[in-house]
Number of protein chains: 2
Amino acid sequence: MDPRTEPRSRRERPAKPALSRAVIVATAMEITRAEGLRKVTMRRLARELDTGPASLYVYVSNTAALHAAILDEFLGTVEAPAEGEWQERLEGLLTAYTSVLLAHPGLAASALVARPGGPRYLALLERLLGLLDEGGVPGGRAAWGVDTLMLHATATAAEHAGRDGTDGEREDWDALAHAIDTVDERTHPRIAALGADLMSGAPHERLSWGFRTLINGIARTPNPFAAPDDDAAVADR
Amino acid sequence: MDPRTEPRSRRERPAKPALSRAVIVATAMEITRAEGLRKVTMRRLARELDTGPASLYVYVSNTAALHAAILDEFLGTVEAPAEGEWQERLEGLLTAYTSVLLAHPGLAASALVARPGGPRYLALLERLLGLLDEGGVPGGRAAWGVDTLMLHATATAAEHAGRDGTDGEREDWDALAHAIDTVDERTHPRIAALGADLMSGAPHERLSWGFRTLINGIARTPNPFAAPDDDAAVADR
DNA sequence: ACCTGAACACCGTTCAAGT
DNA sequence: ACCTGAACACCGTTCAAGT
C-alpha cells in the first residue's frame with residue numbers, strides 16, 4: 001500500500017457516471033463543500049461530469065433552481081439543541097442554521113433570493129414554530145415572526161459571507177470605524193455620543209442579541225391579520 | 001422645434017467626455033436608474049464611455065467599490081417624514097430607505113455585502129439614532145438596534161429584488177403555498193395549525209410589522225456591552 | 001426521441017506594449 | 001508617466017445538428 005508504488009491516475013473516474021439529477025446534485029454538493037457555492041456553475045459542473053453545459057439543462061432548469069436544491073440539502077444538517085428553556089433552544093436552532101450558511105460561502109446569498117420550499121426547509125419551519133408555541137407566543141405572531149427570524153439569520157450570514165476576508169474588507173471596516181470616531185459632533189451628535197458602542201461586540205454576541213431582540217418583539221407585537229390573541233404576556237429577558 | 005425636422009444622431013455624444021471618477025459614477029447612476037445596478041458592469045460602462053474596461057481601473061479600484069459609491073449616492077435621496085410620533089417617523093424613514101433599494105434592482109444585494117460608510121450613510125444613521133433617542137431608547141440598545149433595523153430593511157429589499165417578477169418566481173411562491181396547504185398534520189402540526197396565517201399579509205404590511213417588532217424588541221432588550229441603562233420602560237404598540 | 005457541440009452574448013481583471 | 005488593446009479565464013443559456 002506504499003503510496004509511491006501504488007499507481008494512481010490524476011483523478012479516479014469510475015468509468016463515466018451516467019448523468020441524472022441525483023448525480024448532478026451530489027457533485028454540486030461536493031463542490032460546495034470544497035470551494036463554496038459560488039464555484040457551483042453550470043460550466044464547472046459540466047467539466048466535472050465530462051460533458052457540455054447544455055446536457056445539464058435536461059435535469060436542472062437553471063442555476064437558481066440548482067442552488068435552491070443544494071440549500072435544501074444543507075438545511076438537513078441543521079441540528080437543534082435538546083436542552084434548555086424554549087428561548088435558548090430557539091436561539092440555538094437559529095444559530096445552527098446561521099452556522100450552516102456561514103460554512104459555505106454563497107449559500108446565504110442564495111437563501112436570501114431563492115424561495116426555499118423543500119422538505120428540510122419545512123422541517124426547520126416546524127421546529128421553529130413548535131418552540132414559539134411552547135413559549136406561549138400567539139399563533140399569528142409566530143407565523144409572521146418565524147419569517148423575520150429566518151430573514152435575520154440569513155441576512156447576517158450573507159453580510160459576513162460577502163467578505164472573503166482577503167483584503168479590502170478589513171479596510172472597509174477600519175474606514176467606517178474611523179469615520180465614526182472622527183465624526184463632527186455638531187452635525188452628528190448621536191453618532192459622536194455613542195461612539196465605540198456602535199462597533200462593539202463580537203459577531204456572535206450581536207447575532208445572539210438580535211435573536212433575543214426579535215423574540216421579545218415578536219412575543220409582544222400583535223399581528224393585525226390574525227384573530228385577536230393579544231392577551232398573551234411574555235417575560236423579557 | 002418639430003422633432004421630425006430636427007436632425008438627431010442615434011446617441012448625442014458631446015464630443016468625448018474626459019474620463020474621471022465623477023464622470024464614471026454619474027454614468028453608472030444613469031445606467032442604474034434606467035436598467036438597475038446589475039447592468040452596471042465595468043465593460044458596459046467602458047462601452048458607454050467609449051473606452052476599454054482597463055481604463056476605468058485608473059479611477060475605480062473594482063466593481064464592488066463602484067457599486068458602494070453608487071449606493072451611497074442613492075442614500076442621499078432617502079427622505080424622512082416630518083410629522084408623527086417618533087415610532088411613526090422612524091418606521092417612515094426605514095420604509096423610505098427600503099423603497100429606494102427596491103426601486104433599483106441589485107442595489108439591495110449590494111448594500112448587504114458592501115460595508116457602507118459614505119457621508120449619506122452616516123447621515124441616515126444619525127437620523128435613525130436621533131429618533132431612537134427621542135423615544136427614550138437607551139444608547140447601548142439604540143447603537144446595536146440601528147444595525148438590526150437597517151439589516152431588516154436591506155434584507156427585505158434584497159429578498160424582493162431578487163425576483164425579477166418574470167416567471168419562475170410566482171411558481172416558487174405557489175409551490176410553497178401548496179406545500180404548506182397540503183402538509184401532513186401529524187409530522188408538521190404547527191404548520192398545519194397556522195396554515196394561511198403563514199402566507200398572509202401584503203409585503204408592506206409585513207415590513208411594517210417587522211419594523212414595529214424590532215423597535216419593541218430593541219427598546220426592551222439590554223445590551224450586555226453597554227453601561228447599565230436597563231431601567232427604561234417603553235410602551236408596546 | 002434524446003442528447004450535446006458550438007455559438008451567442010456576456011463577465012472582471014491584468015499587463016505588456018504603446019503614446 | 002500615463003493610458004489602454006488585447007488577452008486570460010471565466011460566465012448562463014439556447015438551438016441546430018447530430019446519434
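Naming: A, B, ... by sequence-line order, numbering from 1 per chain.
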Can you say whether the rings of F211(B) and H152(B) are parallel (under 30°), tilted (30 to 60°) or perpendicular (over 60°)? perpendicular
Which of parallel (below 30°), tilted (30 to 60°) and perpendicular (above 60°) describes W144(A) and F225(A)? tilted
If I take atom [atom1] in residue [X] and atom [atom2] in nucleotide [N], what distance separates them, rounded to the nearest angstrom?
| X | N | atom1 | atom2 | answer |
| --- | --- | --- | --- | --- |
| L49(B) | dT4(D) | CG | C1' | 14 Å |
| I24(A) | dG12(D) | CD1 | P | 13 Å |
| R47(B) | dC10(C) | CZ | P | 6 Å |
| R43(B) | dA9(D) | CZ | P | 14 Å |
| K39(A) | dG12(C) | NZ | C1' | 13 Å |
| M42(A) | dC8(C) | CE | P | 21 Å |
| L19(A) | dT4(C) | CG | C1' | 11 Å |

From [atom1] ([X]) to [atom2] ([Y]), nearest 0.5 Å:
| X | Y | atom1 | atom2 | value |
| --- | --- | --- | --- | --- |
| R120(B) | L125(B) | CZ | CG | 15.5 Å |
| M150(B) | T98(B) | CE | OG1 | 9.0 Å |
| H104(B) | S99(B) | NE2 | OG | 10.5 Å |
| I215(B) | T213(B) | CD1 | OG1 | 9.0 Å |

ring-ring contact (aromatic ring centres under 6.0 Å, His included) filter on H67(B), not counting sequence neighbours, yields none
If you pin T41(A) and P53(B) to their nearest nucleotides in DNA chain D, which one's is more 5'? P53(B)
What are the residues of residues 56-72 of chain A, sorted by number, that bring a heavy atom to within less than 4.0 Å of DNA chain D? Y57(A), N62(A), T63(A)
Taking dC10(C) as the reference, what is the distance to dA9(D) when you measure between their P atoms (whole Å, please)? 23 Å
Once Watson-Crick and G-U wobble pairs under 3.5 Å are found, how is DNA chain D written in dot-bracket notation, 5' to 3', with | for any base paired to another strand? ||.|||||...|||||.||
Main-chain N/O of S200(B) paired with R206(B) side-chain donor or acceptor, under 3.5 Å: yes
For A68(B) and A114(B), which heavy atoms make the closest approach, and how far apart are they? CB-CB, 4.2 Å
Picking from dC11(C), dT14(D), dT14(C), which would you name as closest to the side chain of A54(B)? dT14(C)
